[in-house]
2 protein chains.
Amino acid sequence: MTAIKVSSTIQENKQYALEKCPVTFVMEKIGGYWKPIILWHLSEGNKRYSELKRAIPAVTEKVLIQHLKQLEADGLVIREAKPVVPPFVTYRLSSAGEGLLPVIEAMAAWAFKVKDGEYS
Amino acid sequence: MTAIKVSSTIQENKQYALEKCPVTFVMEKIGGYWKPIILWHLSEGNKRYSELKRAIPAVTEKVLIQHLKQLEADGLVIREAKPVVPPFVTYRLSSAGEGLLPVIEAMAAWAFKVKDGEYS
DNA sequence: CATGATACATACTATAGGGTAAGTACTTGT
DNA sequence: ACAAGTACTTACCCTATAGTATGTATCATG
């Protein structure tokens, strides 16, 4: 039943979903809990690590870098580190990251409609 | 450090994110692994439970109903059950669910751009 | 009379992700 | 000499979610 065959795992289903569903593909990239917020803040302009930290106080440092690393690995943000002695690292959106902004805005628009009770 | 205070939990951070970030709000609704796929299939028209099952063979039945229940509870899909003896249940998008289609399409559009290498 | 189809439910497991807490290396300020 | 700020890293825990496997009620059909 359920058409799951030999040695099926979560990873295999993930593969399936990634290939079959472009939306799942996007979810993989921005599905982290704080990623959309990070992207949102970066859409306002380049930010230092510490600026992001202060801008999103509820996220822990571990998760913040974790997400930043993933976003960097996925090519959505670009990290620039000046090799100075108190470290100076800035993050900014790549062109792919900027391409996501319309998506983010579409999501925000829907959320506001829902909260305004526009869909009774 | 990290500005997390007394009795902070995942749930509290969730609350924070939900209030502060409309995108996280959307993620809560369509963030389940198969939800976007389900919504996509429902965008093609009403579907019976068994039709969805066959349309998305890689998802298990448990997860399929689980997601459908959540989507129903979130007001994104509408469940209609005819009280006949072999059960006949159809699912369709609510107006709020339809309102998400532009979001889904924006995500899909971005995904295809990425895969086509449009952002070198 | 047993199988299949319908639309689920339920008990159990496994893993990924987020959270907590603490530490690192280097320098400037007091 | 010690704290504070920079940008992280690491070890550990906890929970939410997906997956596995099986069961349920009803009827039609062979």
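Residue numbering restarts at 1 for every chain, and letters A, B, ... go by the order of the sequence lines. Computation of the quantities below employed the complete heavy-atom set of this structure, encompassing side-chain atoms and omitting hydrogens, waters and symmetry-equivalent molecules.
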N or O in side chain of [X] less than 4.0 angstrom from [N] OP1/OP2:
{"X": "B:S50", "N": "C:dA7", "answer": "yes"}
{"X": "B:R54", "N": "C:dA7", "answer": "no"}
{"X": "B:R48", "N": "C:dA5", "answer": "no"}

- Can you tell me if B:E61 and B:Y49 form a side-chain donor-acceptor pair at under 3.5 Å? yes

One should read off an interatomic distance between B:Q66 CD and B:W34 CH2, to the nearest 0.5 angstrom, of 13.0 Å

Distance col, row B:D74:CG vs B:E28:CD, nearest 0.5 angstrom, shows 8.5 Å

For atom [atom1] of [X] and atom [atom2] of [N], their distance in whole Å:
{"X": "A:L52", "N": "D:dT6", "atom1": "CG", "atom2": "P", "answer": "12 Å"}
{"X": "A:K53", "N": "D:dA7", "atom1": "NZ", "atom2": "C1'", "answer": "8 Å"}
{"X": "A:Y33", "N": "C:dG17", "atom1": "OH", "atom2": "P", "answer": "14 Å"}
{"X": "B:Y49", "N": "C:dC8", "atom1": "OH", "atom2": "C1'", "answer": "6 Å"}
{"X": "B:L64", "N": "C:dA7", "atom1": "CG", "atom2": "C1'", "answer": "10 Å"}
{"X": "B:K62", "N": "C:dT10", "atom1": "NZ", "atom2": "C1'", "answer": "9 Å"}
{"X": "B:E51", "N": "C:dA5", "atom1": "CD", "atom2": "P", "answer": "15 Å"}
{"X": "A:E28", "N": "C:dG17", "atom1": "CD", "atom2": "C1'", "answer": "12 Å"}

Among C:dC12, C:dT20, C:dG18, the one nearest any side-chain atom of A:T60 is C:dT20

Considering only heavy side-chain atoms of B:E61, the closest of C:dA7, D:dA18, C:dA21 is C:dA7

Without swapping roles, check the side chain of A:T90 against the backbone of A:R48 for a donor-acceptor pair under 3.5 Å. no

Taking the side chain as every heavy atom from C-beta outward, state whether [X] and [Y] have any pair of such atoms under 4.5 Å apart.
{"X": "A:Y91", "Y": "A:L71", "value": "no"}
{"X": "A:V23", "Y": "B:V103", "value": "no"}
{"X": "B:I30", "Y": "A:M27", "value": "yes"}

Sorted by number, residues from residues 65-92 of chain B placing a heavy atom under 4.0 Å from DNA chain D are B:Q66, B:H67, B:V85

